[in-house]
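This report refers to the structure that appears directly beneath it.
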Amino acid sequence: MNPSIFNTLTRKKETLRPEQANEAFKIYCCGPTVYGPAHIGNFRTFCVQDVLRRTLEASGVKVTYVRNITDVDDKTIRESMKLGMTLKDFTRKWEDKFHKDCDALNMLTPSVEPRATEHIAEQIAMVEQLVKSHHAYPTADGSVYFKISSYADYGKLSGLDTSALKTQNVNSAGDLNSADEYERENVSDFALWKGYKPSDGENFWESPWGKGRPGWHIECSAMAAKYLGESFDLHGGGIDLCFPHHENEIAQSACSLNVKSPARYWFHSAHLMVEGQKMSKSLGNLYTLDDLIAKGYTPMQVRFTLIAGHYKQQLNFTFKGLEDAKSAIFKLQKSLLQILENLKLTKEDFSEMISKDVKFDGTVFESAWNALCDDLNVPKTLGEIFTALADKSAPKTLEDVKALAGLMYALGLDIFADKQEASSESAPEEIRALAQSRWQAKKDKNFKLADEIRAQIGALGWTVLDTKDGFDLKKS
RNA sequence: GGCGUGGUAGCCAAGUGGUAAGGCAAGGCUCUGCAAAAGCUUCACUCGUCGGUUCGAUUCCGACCCACGCCUCCA
């Protein structure tokens, strides 16, 4: 079964098929701007895209996945200069951190991950092409702007009324859009190339219009065309990129490459709220992965939380939600362990089964898979998984377990990544000795002493949990 | 103002023209000294409000209320 998604361009749910049958499905996603640690809002988008890619793969489609690194823009330049670092050293540092976080969140590595600064020539070539075809014009300050009035379909993706746009001189905050600053012909014309300013420091490249640097939108168009061709299958990003970023990309590509739209499917995921509020630094509710790990949550719990809501739906991120995810994962582990035991299989066996080569048809998890293929309905998928797991009337077969492993591949949930609560081995010798003496007291039916020792252990920050024939120690 | 999304149990969240998946939390029971765990089990006559269409609407239509997002470089 081929997965479907809601295509922003057509405003319809569509089945995803590669343009050329038997060829790879080509995806381009806008990657991070590396000027600091990515936050969970960024990761919501990237995790959802990861699920899309994995689901396509599990459906038997080959995928080429390109996600760029934006390593030059106002923020990267400003922050690197503030620290006295070269732009490259600065951005590589945050790029490495981004990759570390992605790995922790069990995201697959992109097929290609191009950096904007390593594709300046391609960007300049595209801008030249646009200038030559009169879709763009240079200005006195050495910048080049795209002329949106030269492209009739501008605004089609985001449903923008361009006639209103052209006369719009005031933004939502009531401020005058500083149209004159760069001598733009029209306020809505956007920069393809930015002329050099002293505040750019050492960060500039030579171009036919003098030294400067590329505008933000052109990098994606140039790199997507280079690695995926003039037209590819799907372009993704956060909903905020729909306008103006993707709108501008379409305009650039359409006018320089002579295609209607660079991508046939446009995939946008909704934003993340935190405790009901927009996430922002000023509200102090902007979390990075490390922030959550420091609070004792695991990357897998974070991933579960980020993908558990539908991608088109705004997700309200809460710590209660993180707790819920923790319990849900634990429940999943327990049910699965029971099934594996019945089949005389181990966790390791299951881990080896996690693969994109799966058959879902005829298994108890067929409906879960169908839900995932239906516009990436992860909440329903999870519901179907739990329902199937709980259905005692259908004993699970090896094929069922393999199908579940396939679903775990698609969702990117490494279900045993989180150890089931720390166990006795990690406890200090002192605690273990105490626990041992309590166990002896208990066996001697000296419950008073046993409870005293338990209280003592509790005071030292550990909890004793009795099992059938022994005990576990847990950090409390 | 323009465009768009959503309002389903305490919280999160699917869904369908015929009377509401799932997760979390909570309650009850069983079980072991106790505790925890585990197992079993209960938990929306109701789907923002008001009208309309229909034999029948949470699901279709209209109006209204509320929340949220985008509107020039924020995933």
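Naming: A, B, ... by sequence-line order, numbering from 1 per chain. We use all heavy atoms of the structure for the numbers below, so side chains are in, but hydrogens, waters and symmetry mates are not.
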Query raised in the report: If we only count heavy atoms from C-beta on, is the A/L289 to A/I40 side-chain gap below 4.5 Å?
Result: no
Report task. For B/A38, give its Watson-Crick or G-U wobble partner with both distances under 3.5 Å, or none. Result -> B/U30
Report task. Tell me whether the OP1 or OP2 atom of B/C70 has a side-chain N or O from A/K278 closer than 4.0 Å. Result -> yes
Report task. Please work out whether the ring planes of A/Y287 and A/F319 are parallel, tilted or perpendicular, with thresholds of 30° and 60°. Result -> perpendicular
Query raised in the report: When all nucleic acid strands are considered with a 4.0 Å heavy-atom cut-off, which category describes A/K75: base, sugar-phosphate, or nothing?
Result: sugar-phosphate
Report task. Respond yes when some side-chain nitrogen or oxygen of A/K331 is under 4.0 Å from OP1 or OP2 of B/C24, and no when none is. Result -> yes
Report task. Report the distance from atom NE2 of A/H268 to atom P of B/G4, rounded to the nearest whole Å. Result -> 16 Å
Query raised in the report: Rounded to the Å, how far apart are A/I307 CD1 and B/A14 P?
Result: 13 Å
Query raised in the report: How far does the C1' atom of B/U42 sit from the matching atom of B/U53, given to the nearest Å?
Result: 39 Å
Query raised in the report: Any side-chain heavy atom of A/S261 sitting closer than 4.5 Å to one from A/W266?
Result: yes
Report task. Look at A/K442 and B/C34 and indicate whether a side-chain polar atom (N or O) is within less than 4.0 Å of OP1 or OP2. Result -> no
Requested in this report: Between B/G62 and B/A20, how far apart are the C1' atoms? Round to whole Å, please.
Outcome: 25 Å
Query - B/C73 base / A/K194 side chain donor-acceptor hit below 3.5 Å - result: yes
Query raised in the report: Which nucleotide, in any strand shown, forms a Watson-Crick or G-U wobble pair with B/C3, with both distances under 3.5 Å?
Result: B/G69
Query raised in the report: For A/L337 and B/A38, what is the distance between atoms CG and P respectively, to the nearest whole Å?
Result: 12 Å
Query raised in the report: Taking for each residue the nucleotide of RNA chain B with the nearest heavy atom, is it A/T318 or A/K445 whose nucleotide lies nearer the 5' end?
Result: A/T318
Report summary line: From NE2 of A/H246 across to P of B/U72 the rounded distance in Å is 17 Å
Query raised in the report: Between B/A75 atom P and A/F317 atom CZ, what is the distance in whole Å?
Result: 18 Å
Report summary line: By the Watson-Crick or G-U definition, both distances under 3.5 Å, B/G22 is matched with B/C12
Requested in this report: Would you kindly check whether a donor in the side chain of A/N316 faces an acceptor in the base of B/C11, or vice versa, at under 3.5 angstrom?
Outcome: no
Query raised in the report: Which part of the nucleic acid, if any, lies within reach of A/V464 when heavy atoms closer than 4.0 Å are counted: base, sugar-phosphate only, or nothing?
Result: base
Query raised in the report: With a 4.5 Å heavy-atom cut-off, do A/N285 and A/M279 have their side chains touching?
Result: yes
Query raised in the report: Take atom NZ in A/K396; do more than 12 heavy atoms of anything else shown fall under 6.0 Å from it?
Result: yes
Report task. Describe the nucleic acid contact of A/G237 in one word from base, sugar-phosphate, nothing, applying a heavy-atom distance below 4.0 Å. Result -> sugar-phosphate
Requested in this report: Please state the P separation for the pair B/A13 and B/G7 - nearest whole angstrom.
Outcome: 9 Å
Query raised in the report: What nucleic acid atoms does A/R438 come within less than 4.0 Å of, heavy atoms only: base, sugar-phosphate, or nothing?
Result: base
Query raised in the report: Looking across every strand, which nucleic acid part, if any, lies under 4.0 Å from A/H271 by heavy atom: base, sugar-phosphate, or nothing?
Result: base
**Report entry** Interatomic distance, A/H310 NE2 vs B/C12 C1' [rounded to whole Å]
**Finding:** 16 Å
Requested in this report: Please check if any side-chain donor atom of A/S269 sits under 3.5 Å from a side-chain acceptor atom of A/Q49, or the reverse.
Outcome: no
**Report entry** Any A/N377 side-chain N or O less than 4.0 Å from OP1/OP2 of B/G15
**Finding:** yes
Report task. Classify the nucleic acid contact of A/L272 as base, sugar-phosphate or nothing, counting any heavy atom under 4.0 Å across all strands shown. Result -> base
Report summary line: RNA chain B nearest-nucleotide lookup for A/Q49 and A/R11: closer to the 5′ end is A/R11
Report task. Of all the heavy-atom pairs spanning A/G31 and A/F46, show the shortest one and how long it is. Result -> C-CZ, 3.8 Å
Requested in this report: Answer with base, sugar-phosphate or nothing: what part of the nucleic acid does A/G383 contact at a heavy-atom distance below 4.0 Å?
Outcome: base
Query raised in the report: Are A/S327 and B/A25 close enough that a side-chain N or O sits under 4.0 Å from OP1 or OP2?
Result: yes
Query - pi-stack flag for A/F386 and B/G22, centroid dist under 5.5 Å, interplanar under 30° - result: no
Query - Interatomic distance at P, B/C74 relative to B/G17, whole Å - result: 42 Å
